[in-house]
Structure formats: C-alpha cells, structure tokens
Number of protein chains: 2
Amino acid sequence: MILSTKGRYGLKAAFELSRNYGLGPVSLKKISEKYGISESYLEQLFAKLKKDGYIDTVRGPQGGYLLAKKPEEITVGMVLRTLEGEITTSDCLNKEVCSRESICATRVIFEKIEKSINDVIDNITLADMYEEQKNILTEGKNEQETLS
Amino acid sequence: MILSTKGRYGLKAAFELSRNYGLGPVSLKKISEKYGISESYLEQLFAKLKKDGYIDTVRGPQGGYLLAKKPEEITVGMVLRTLEGEITTSDCLNKEVCSRESICATRVIFEKIEKSINDVIDNITLADMYEEQKNILTEGKNEQETLS
DNA sequence: TGCAATCCCTACTATTTCAGTAGGGTATAA
DNA sequence: TTATACCCTACTGAAATAGTAGGGATTGCA
C-alpha cells in the first residue's frame with residue numbers, strides 16, 4: 001500500500017469539498033459520517049490542507065470547510081503531497097556510493113517510478129475528477145444513484 | 001517514500017546477481033560490503049527471492065547466490081512484489097460504500113496511479129537495466145569508472 | 001578428516017509511523 | 001446565551017521498519 005489513509009481519506013474529503021464549491025461550507029460531521037471516517041482524524045488532515053492554503057474554514061453554526069481555490073486549480077498531487085509528504089522512491093543508500101549516480105541503474109528505475117506517479121497526480125485536478133465522475137455516470141445507464 | 005529498504009536494497013542486490021549471470025555464485029558478503037548493507041538483513045531478502053524462485057544458492061566455500069532465471073526473464077516488478085508485497089494504492093475504505101465503485105472518483109485516481117507504477121516495473125527486466133547502464137556509461141565519456 | 005566459508009533459520013529489538021482517541025478551547029449564528 | 005462548529009495538543013495501541021543476534025547445516029579444499 002503506497003498511500004496511507006491520510007492521502008486516501010484526504011483526497012476523498014477534498015473531492016467532497018470540490019463538489020460543493022460555491023455552495024457554502026461543508027461540516028466535518030457530514031463528511032465523516034458519509035464516508036465513515038473518524039471526525040477527529042479528518043480534522044487533523046483538514047488542518048494540514050488549510051495550512052497549505054487549499055481550504056478555508058467558517059466557524060460557528062452552519063460553518064464548515066470549503067475550498068480556498070477553484071477545483072481546477074487544485075491537483076491531486078497538491079493534496080497528496082500535503083498529506084503524505086513528497087512522493088519519493090529512494091533516498092540514496094550511501095552518499096559516497098551514490099556520487100556515482102550517473103551509472104546507478106537502480107536509481108534510474110526509481111526515478112522512472114517517481115516520474116510516472118507524479119505525471120498522474122500533477123495532471124489531474126479536482127475539477128477533472130468531477131468531470132470524470134459525471135462521464136462515468138452518464139455511461140452507466142442502469143446506475144440508479146445520483147452523484148452522492 | 002513509497003519503497004522501503006526491502007525493495008531498494010533487494011533490487012540493487014538482484015541487479016548485482018544479474019551482472020554476474022553465468023559467472024558463478026556471488027557471496028552475500030561481497031554484495032553487502034559493496035553497498036554497505038547489513039549482511040543478515042540482505043540474507044532475509046534473498047531468502048524471499050529464493051522462495052519465489054528468482055534465485056538459487058550454492059553452499060560452502062566459493063558458494064553464494066545466483067539468478068535462477070535469465071536476466072531478461074526477471075522484471076523489476078517481480079523483485080519488488082516479492083519484497084514489498086503487491087503495489088496497491090487503496091483497499092476500499094468501506095465495502096458498502098465501495099459497492100458504488102463505478103461512481104467513485106477517487107478510486108479511479110488510485111487505479112491510475114497503480115497502473116502507471118505497474119506499467120513501469122513490469123516492463124523493465126534486469127537485462128534492460130544492464131543495457132541502460134552500459135548506454136549511460138558510453139554517453140558519459142569523462143566518466144572514468146568501469147561498470148562496478 | 002577437519003576447518004573455514006558459506007548459506008539457513010528463528011527469534012529478538014529499538015524506532016518510527018499509522019490510525020486514530022481524548023479532551024479541552026474559541027468563534028459565531030440564531 | 002447556547003448550541004454548533006472549527007481549533008489545538010497530547011496521548012495511545014498496533015503494526016511495520018530496519019535491522020541484530022546467535023545458533024545450525026553444507027561443502028570445497030588443504
């Protein structure tokens with residue numbers, strides 16, 4: 001498992017906010033109930049996303065969390081990096097041996113893996129996710145559920 | 001860091017064996033000294049690779065480990081899966097909610113990430129790594145080191 | 001024949017991360 | 001003024017990580 005619940009829960013929750021973009025704040029309680037995620041745990045994830053400027057908050061009754069940017073300005077990569085840290089495959093085992101990096105075959109592999117992940121997560125925004133979800137729904141005609 | 005030392009050390013060591021393919025066994029001691037990896041720890045990694053049929057062993061003096069298959073028949077993915085387990089991004093949070101998988105936007109993202117990683121690691125063999133290393137060496141003309 | 005090199009196997013351990021829980025505090029709409 | 005919501009810090013059990021320790025079994029070679 002290369003992603004922990006931090007990234008998995010966090011992305012789900014961020015997507016939930018993006019689906020409510022422009023409609024006012026969404027409370028933690030709603031999101032945590034909807035997905036069965038611990039409220040307090042999710043709170044800690046949102047605190048990080050707020051610190052990095054991706055979400056804003058409104059306190060008091062009818063308050064909650066909302067995106068601080070447009071869904072098309074927030075990538076999956078931004079969310080995952082905030083919550084999981086930089087996506088890397090390898091620190092060098094040994095700095096001295098690794099000064100020979102130009103001939104390090106394993107390093108090349110690790111860089112390819114990193115690049116392939118980053119290519120995916122940096123090129124999908126929350127808005128893209130929403131579009132894709134709509135497409136899936138349109139195609140799956142006997143899927144009775146509405147966007148939920 | 002999406003790979004632990006298991007996969008990182010193990011791939012390095014497997015590559016070392018592939019570089020000695022056809023030249024007899026290589027001892028743990030040599031490999032662990034060369035890369036500064038704990039002998040006993042590496043031993044445990046090799047035990048897994050042996051169990052999965054990727055390497056063979058020769059006991060006694062001048063013994064050691066050697067590839068059980070041709071370098072072109074062992075992919076990076078085989079080695080990494082043996083040592084790290086299946087590369088996945090997400091078990092479903094909640095099986096009930098996840099029965100709605102067809103409209104789960106985050107799931108689509110996670111599948112894309114998984115696929116991009118697997119595309120890389122399943123399409124590079126140990127033989128490919130060796131070829132690539134030779135190319136790098138040929139290009140870097142003022143690189144004085146030999147393949148080491 | 002014996003010894004040293006080598007792999008084989010199991011158990012133990014310190015540290016860190018994960019996935020939360022607990023329990024208070026502060027702002028604010030109604 | 002009160003209930004609703006976010007804010008913040010500290011704590012915790014369980015698991016994984018990255019090894020260490022210490023024997024045992026083979027076997028090539030002198």
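Each chain gets a letter, A, B and so on, in the order its sequence line appears, and its residues count up from 1. Since this is a predicted model, take the numbers as computed values, not measurements.
We find that CD1 of Ile55(B) is positioned 12 Å from C1' of dC8(C), with the value rounded to whole Å. Computed from coordinates, the Ile31(A) CD1 to dA5(D) C1' distance equals 13 Å when rounded to whole Å. The distance from atom CE of Met1(B) to atom P of dT16(C) is 14 Å, rounded to the nearest whole Å. Taking atom CG of Leu49(A) as the reference point, atom P of dC7(D) lies 12 Å away to the nearest angstrom. Regarding Lys51(A), its NZ atom lies at a distance of 14 Å from the P atom of dC7(D), rounded to whole Å. The CG atom of Leu28(A) sits 10 Å away from the P atom of dA5(D) (whole-angstrom rounding). Rounded to an integer number of Å, the gap from Leu17(B) CG to dC7(C) P is 10 Å. Rounded to whole Å, the distance from CG on Leu45(B) to C1' on dC7(C) is 15 Å.
Using a 4.0 Å heavy-atom distance criterion, Phe46(B) is classed as making no nucleic acid contact.
Proximity of a side-chain donor or acceptor of Thr5(B) to a complementary backbone N or O of Arg8(B) within less than 3.5 Å is not detected. Side-chain atoms of Glu72(A) do not come within 3.5 Å of backbone N or O of Leu126(A) as any donor-acceptor pair.
Looking at Arg59(A), its side chain comes within 3.5 Å of the base of dT26(C) through a donor and an acceptor atom.
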Quiz item: Along nucleotides 13-23 of chain D, 5' to 3', which nucleotides get a B, which get an S, and which get a -, given that the test is a protein heavy-atom distance under 4.0 Å?
Solution: ----SBBBB--

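By the 30° and 60° cut-offs, the orientation of the rings of Phe15(A) relative to Tyr130(A) is tilted.
Salt bridge status for Lys29(B) with Glu39(B): absent, with no side-chain N to carboxylate O gap under 4.0 Å.
One hydrophobic cluster holds both Tyr35(B) and Val26(B) under the rule that ILVMFWY side chains link at heavy-atom gaps under 4.5 Å.
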Exercise. Would you please test Met1(B) and Glu86(A) for side chain to side chain contact (heavy atoms under 4.5 Å, CB included) and show each step?
Key: CA-CA 8 Å; Met1(B) 192 87 71; Glu86(A) 197 62 31; over 6 Å; no

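One finds a side-chain N or O of Lys50(B) lying less than 4.0 angstrom from the OP1 or OP2 phosphate oxygen of dC8(C). Residue Thr57(A) places at least one side-chain N or O closer than 4.0 Å to OP1 or OP2 of dC7(D).
Side-chain polar atoms of Thr138(A) and Asn135(A) form no donor-acceptor pair below 3.5 angstrom.
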